[in-house]
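Reckoned from all heavy atoms, side chains included, excluding hydrogens, waters and symmetry mates. Chain A is the first sequence line, chain B the second, and so forth, proteins listed ahead of strands; every chain is numbered from 1.
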There are 2 protein chains.
Amino acid sequence: MTNTYKYPRPAITVDCVVFGYDGNELNILLIKRGIEPFVDCWALPGGFVRHDETIDEAAKRELLEETFVKNIYLEQLYTFGDLYRDPRERVISVSYFALVRQEEFQIKASTDANEVAWFKVQNTPALAFDHENILEMALKRLKNKVRYEPIGFELLPPKFPFSALEQLYESIIGKPLDRRNFRNKFQKMGLLTKLSEKQEKVAHKRGFLYQFDSDKYEQLKKDGFEFAI
Amino acid sequence: MTNTYKYPRPAITVDCVVFGYDGNELNILLIKRGIEPFVDCWALPGGFVRHDETIDEAAKRELLEETFVKNIYLEQLYTFGDLYRDPRERVISVSYFALVRQEEFQIKASTDANEVAWFKVQNTPALAFDHENILEMALKRLKNKVRYEPIGFELLPPKFPFSALEQLYESIIGKPLDRRNFRNKFQKMGLLTKLSEKQEKVAHKRGFLYQFDSDKYEQLKKDGFEFAI
DNA sequence: TATCTTTGCGTAATATATACACAAAGACAG
DNA sequence: CTGTCTTTGTGTATATATTACGCAAAGATA
């Protein structure tokens with residue numbers, strides 16, 4: 001590293017891949033752009049990094065502005081730095097990967113004259129810029145990560161029946177799991193607390209609700225436990 | 001994303017964590033800084049991203065300038081964007097993670113009046129900026145990655161005895177492995193070609209040399225094979 | 001020729017992953 | 001209130017993978 005270089009410098013943005021689960025399918029949050037370039041095109045929520053905030057703060061802020069949800073699972077994904085990602089000028093984008101409980105989430109009606117909507121991951125529209133690449137990378141990361149870290153719980157409500165957990169895993173991994181083996185494995189891990197409450201308003205036998213025990217998880221990790229499914 | 005923002009903008013750098021293996025220990029390449037800030041302090045090789053190159057190209061270029069090695073294993077690691085990483089002004093750094101065959105490598109004597117040297121990973125000096133954080137992250141990534149992708153071969157010479165492979169894995173993972181189980185596992189995978197050549201100039205029974213068969217690996221991957229050790 | 005170090009190999013014991021089926025709960029329709 | 005439908009809840013046998021472990025032969029050196 002020699003001396004600080006001069007202008008022109010690339011602009012820096014953050015883009016967030018926000019995953020939600022509606023109890024049925026894995027969804028992703030998109031906004032419809034109100035301005036050029038790619039006006040009226042769907043895109044990942046994101047924006048410029050301010051000079052007085054870290055990149056993580058920028059991601060949190062953008063997410064809050066778009067989703068009104070705090071204390072979300074958020075991690076950095078990858079940085080996209082090709083030359084012509086943005087037709088206006090050079091823009092380097094640090095992408096983030098977020099998981100939200102779609103239930104708790106209120107879609108903000110048209111910020112900056114933007115539409116905001118959930119799309120099924122399996123059925124997304126064409127996206128602005130290189131956002132399809134970003135989404136693809138996020139999906140890969142989610143699929144890998146869900147198998148060796150208990151991040152699935154970030155997508156579920158705090159109390160859930162076992163079947164919800166299984167369906168979530170199936171929809172992320174993309175293939176069916178054996179229900180009995182899945183239950184056995186999870187139960188042996190001891191990360192789930194069985195509540196006395198049951199599901200309500202279901203047209204069949206009601207299942208018990210469970211809670212993820214994050215304290216227990218932290219404790220087990222210290223002893224070398226490795227989550228895997 | 002609204003409109004392109006104005007100056008001031010952060011500067012963008014790349015920093016490379018270059019791992020090498022000398023047949024005995026895992027090493028990392030550092031340069032001694034010739035200018036302020038952190039003059040005379042050891043640091044990761046890196047530098048500013050030019051306006052006409054992608055960030056990957058910047059990393060490759062910096063690496064070539066420092067190491068004279070091309071066609072290296074190189075992947076993006078993480079982007080560091082805290083406000084005061086660099087005391088001069090705001091600098092966002094995209095870090096990369098590289099593996100080189102230390103044998104093939106020629107250390108360039110004092111570029112820009114800089115010293116360049118290999119350090120044992122277990123015995124690194126204090127580093128400039130937040131480079132210790134970057135190194136820590138790179139080490140974690142390496143330890144994880146070496147277990148589920150055959151990247152270890154990037155550090156070894158093209159022909160190596162089985163013991164070299166085992167020692168490499170042990171020094172990366174940081175604990176001893178059972179020699180027989182390690183061999184069995186690797187041999188069952190079928191990724192190694194046994195050559196008719198043997199080790200030379202060793203004061204004990206000479207072992208056969210092996211080669212990593214990357215074509216076979218690509219082929220197996222297509223059929224759903226997953227490398228793991 | 002004895003000594004030293006490393007190579008090269010296989011099997012038994014244990015743990016983990018997979019495959020698989022049936023009875024009970026509860027809503028709803030008739 | 002009875003039958004039907006769907007989902008819940010559970011256990012075992014089999015196959016597969018992981019771990020632990022010891023001994024003879026090669027080759028250099030003294």
Item to complete: Spell out, as yes or no, whether a donor-acceptor pair under 3.5 Å connects the side chain of B/E132 to the backbone of B/L127.
Response: yes
Worksheet item: For the pair made of CD in B/E200 and P in C/dT6, what is the distance, rounded to whole Å?
Response: 19 Å
Worksheet item: Tell me: CG of B/L165 to P of C/dG8, nearest whole Å?
Response: 13 Å
Item to complete: Let me know, please, whether A/D178 or A/G207 comes out on the 5' side of the other along DNA chain D by nearest nucleotide.
Response: A/G207
Worksheet item: Closest nucleotide of DNA chain C for A/N181 versus for A/V202: which of these residues is on the 5' side?
Response: A/N181
Item to complete: For A/R206 and C/dC28, give me the distance from atom CZ to atom P, rounded to whole Å.
Response: 12 Å
Worksheet item: Is a donor-acceptor contact shorter than 3.5 angstrom present between the side chain of B/K205 and the base of C/dT7?
Response: yes
Worksheet item: Roughly, in whole Å, what's the span from CG in A/L177 to P in C/dT18?
Response: 10 Å
Item to complete: Specify the separation, in whole Å, of atom CZ of B/F186 and atom C1' of C/dC9.
Response: 18 Å
Response to the item:
Of B/Q187 and A/R180, the one whose nearest nucleotide on DNA chain C sits closer to the 5' end is B/Q187
Worksheet item: Which of these, B/V94, B/T13, B/D130, sits in a side-chain contact (heavy atoms from CB on, under 4.5 Å) with B/F80?
Response: B/D130
Worksheet item: Name the one of B/V146, B/N24, B/L156 that satisfies side-chain contact (heavy atoms from CB on, under 4.5 Å) with B/L168?
Response: B/L156
Worksheet, complete the sentence: In the 5' to 3' direction, the nucleotides of DNA chain D bounding the stretch that comes under 4.0 Å of a heavy atom in chain B are D/dT18 to D/dA28
Worksheet, complete the sentence: When rounded to whole Å, the CZ to P distance for the pair A/R179 and C/dA21 reads 13 Å
Fill in: Whole-Å gap separating P (C/dA17) and CZ (A/F182)
14 Å
Worksheet item: Minimum heavy-atom separation for A/Q102 to A/D22, with atom names?
Response: OE1-N, 3.5 Å
Discussion item. Between B/R183 and C/dG8, is there a contact of a side-chain N or O with OP1 or OP2 at under 4.0 Å?
Written reply: yes
Practice prompt. Take atom CZ of A/F162 and atom P of C/dA25, then tell me their distance rounded to the nearest Å.
Written response: 20 Å
Worksheet item: Above 12 or not: heavy atoms from other molecules or residues under 6.0 Å from CG of B/N71?
Response: no
Worksheet, complete the sentence: Of A/Y217, A/Y21, A/F212, the one forming a ring-ring contact (aromatic ring centres under 6.0 Å, His included) with A/F153 is A/F212
Worksheet, complete the sentence: The single option from A/E136, A/E149, A/E75 that satisfies salt bridge (charged side-chain N to carboxylate O under 4.0 Å, His left out) with A/R141 is A/E75
Discussion item. What's A/F208 touching, base or sugar-phosphate or nothing? Going by heavy atoms closer than 4.0 Å.
Written reply: sugar-phosphate
Worksheet item: Just checking A/K188: base, sugar-phosphate only, or nothing, at a heavy-atom cut-off of under 4.0 Å?
Response: nothing
